[in-house]
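Just so it is clear: chains get the letters A, B, ... in the order the sequence lines come, proteins before strands, and each one is counted from 1.
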Number of protein chains: 2
Amino acid sequence: MTISEENYIKVIYHLSLVSPKGVNTNAIAGMLDTKASSVTDMMKKLSDKDLVSYQKYQGVTLTDKGLHSAKMIVRKHRLWEVFLVDKLGFSWDEVHEIAEELEHIKSEQLINKLDAFLGFPVADPHGDPIPDAKGVIKKIEKQLLSEVEINASFHCVGVKDSSTDFLKYLDKQKIALGSIVKVIDKEDFDDTLTVEIDGKRLTISNKIANNLYVQ
Amino acid sequence: MTISEENYIKVIYHLSLVSPKGVNTNAIAGMLDTKASSVTDMMKKLSDKDLVSYQKYQGVTLTDKGLHSAKMIVRKHRLWEVFLVDKLGFSWDEVHEIAEELEHIKSEQLINKLDAFLGFPVADPHGDPIPDAKGVIKKIEKQLLSEVEINASFHCVGVKDSSTDFLKYLDKQKIALGSIVKVIDKEDFDDTLTVEIDGKRLTISNKIANNLYVQ
DNA sequence: ATTTATTTTTAGACAAAACTAAAAATAAAA
DNA sequence: TTTTATTTTTAGTTTTGTCTAAAAATAAAT
């Protein structure tokens with residue numbers, strides 16, 4: 001599998017989670033910053049390799065083989081992110097790009113040894129689950145902070161949006177995975193929340209609350 | 001710089017150490033397992049990018065820019081090898097191939113953080129020196145075991161040949177970097193050595209002694 | 001149920017990095 | 001110093017992954 005093929009498989013995997021009936025050409029092109037015609041070409045190749053099932057104009061889905069490949073790529077990406085943050089001291093907004101490269105390193109032995117070295121983590125620095133060596137993904141129970149009842153306490157377990165801007169905002173507000181969040185009040189008009197995070201009172205917009213997972 | 005370009009630069013660097021006046025096309029082709037014509041094509045490209053100085057039929061040398069790039073690739077390769085052995089528990093005969101991939105990961109910040117994480121090692125698992133962030137290579141004093149006086153003690157600091165076969169032989173004989181080697185006797189006829197390694201008496205062919213560095 | 005708009009696919013072209021086969025330059029040998 | 005052998009380069013293809021522009025299929029709107 002080439003790097004390009006792996007990138008397509010990965011993108012189809014992520015899009016499948018939202019549209020499991022079939023991923024359309026334009027969506028893939030958008031994610032990969034390429035043209036629809038290039039996607040069509042690649043779908044033929046991936047179909048020949050039995051990684052996707054594809055019929056003209058009908059969108060694509062991953063085959064079992066494709067799904068497994070996708071999970072292994074995601075596994076590598078997320079394990080490398082853990083390594084970068086936990087061992088090398090990168091911050092969580094810096095690791096995605098580097099992991100995009102590292103995820104294409106081939107050795108299976110490498111990734112399993114890395115997994116062990118990191119202590120078999122179940123989630124990456126953004127709270128996303130890490131598939132195990134067999135591709136099994138342990139589901140992480142979580143709710144959006146925007147959908148949680150008032151006056152209860154949770155801890156922060158992940159982010160939905162992992163853009164640099166959002167992560168830097170969280171850093172600025174000293175919100176990290178593991179932080180204790182208590183919802184004090186919710187404004188009816190615009191759903192702005194008043195919360196207490198690690199003891200500190202804070203006002204949070206609905207957009208923020210809608211991108212923060214708690215448990 | 002593409003992966004292919006980096007591989008050419010690296011090979012030219014290694015060949016330059018042996019033939020500093022200019023590296024010939026066929027030698028490069030041999031190392032990269034490609035054809036001379038492909039090498040010629042690439043030399044033009046690298047020359048346009050001011051990474052090598054190249055004139056038809058006269059061989060190539062690295063420019064300052066090319067030399068620096070080469071050292072950075074070697075730096076990455078060797079630091080990743082240290083990581084694989086020291087942190088992930090690979091044996092020294094398993095790491096070359098994986099490091100061949102890892103050496104092409106782009107981030108400079110990554111490699112400097114990795115360097116710090118590993119404690120700024122000066123040599124890789126085979127005893128080869130690791131260029132620092134500026135490209136400076138600390139020369140490691142060493143002699144071949146085959147060229148050393150009798151009845152003196154040394155410690156093993158590196159291998160000249162790092163092929164799997166040789167490394168596995170060393171493992172079998174329990175010879176590792178750091179082992180204490182004392183030359184007891186040398187056979188005049190075929191230069192076979194009788195040595196004591198970490199206290200154990202051993203007979204070693206000239207070929208072996210000729211690929212083991214001591215200090 | 002047509003027409004219009006959007007999406008997707010085809011067809012043909014291009015750049016990168018490789019190849020083969022033939023030509024040219026250099027080196028070695030007679 | 002010619003001749004022969006070797007090395008290197010050129011010229012022309014191939015493959016991979018991309019592109020543009022045009023055609024075809026599907027979806028949306030009148």
Query raised in the report: With B:K21, which residues qualify under side-chain contact (heavy atoms from CB on, under 4.5 Å), at least two apart?
Result: none
Requested in this report: Give a yes/no on whether any side-chain N or O of B:S37 is located under 4.0 angstrom from OP1 or OP2 of C:dA21.
Outcome: no
Query - Basic-acidic side-chain contact under 4.0 Å: A:E147, A:K142 - result: no
Query raised in the report: Starting at CE of A:M43 and ending at P of C:dT7, how long is that distance when rounded to a whole Å?
Result: 18 Å
Query raised in the report: Atom CG of B:D41 to atom C1' of D:dT9: distance rounded to whole Å?
Result: 9 Å
Query raised in the report: So which pairs with a foot in residues 73-86 of chain B pass salt bridge (Lys or Arg N to Asp or Glu O under 4.0 Å), sequence neighbours left out?
Result: B:R75-B:D115, B:R78-B:D124
Requested in this report: Could you list by number each residue of residues 1-29 of chain A showing a heavy-atom separation from DNA chain C of less than 4.0 Å, or answer none if no residue does?
Outcome: A:N24, A:T25, A:N26
Query - Residue list, side-chain contact (heavy atoms from CB on, under 4.5 Å) with B:E141, at least two apart or on another chain - result: B:Q215
Using a cut-off of under 3.5 Å, enumerate the N/O to N/O pairs linking the protein to nucleotides 25-27 of chain D.
from	atom 1	to	atom 2	distance (Å)
D:dA25	O4'	A:Y57	OH	3.4

**Report entry** Pairing residues for B:K186 by the side-chain contact (heavy atoms from CB on, under 4.5 Å) criterion, not counting sequence neighbours
**Finding:** B:I150, B:D191, B:L193
**Report entry** Spacing of B:Y54 atom OH relative to D:dT7 atom C1', expressed in whole Å
**Finding:** 12 Å
Requested in this report: Classify the side chain of A:T40 and the base of C:dT10 as holding, or not holding, a donor-acceptor pair under 3.5 Å.
Outcome: no
Query - Spacing of B:K35 atom NZ relative to C:dT20 atom P, expressed in whole Å - result: 4 Å
Report summary line: Sorted by chain and residue number, the ring pair (Phe, Tyr, Trp, His ring centres under 6.0 Å) partners of B:F83 (sequence neighbours excluded) come out as A:F83, B:W80
**Report entry** Interatomic distance where NZ belongs to A:K44 and P belongs to C:dT9 [whole Å]
**Finding:** 8 Å
Side-chain atoms of residues 53-61 of chain B: list all donor-acceptor pairs with protein atoms under 3.5 Å, sequence neighbours left out, distances to 0.1 Å.
from	atom 1	to	atom 2	distance (Å)
B:S53	OG	B:T61	OG1	2.9

Query - Lys NZ or Arg CZ of B:K207 over B:F166 ring: under 6.0 Å, within 45° - result: no
**Report entry** Rounded interatomic separation in angstrom, taking CG from A:D33 and P from D:dC19
**Finding:** 8 Å
Query - Pairs meeting criterion ring-ring contact (aromatic ring centres under 6.0 Å, His included) with involvement of residues 84-107 of chain B, two or more places apart - result: B:H77-B:H96
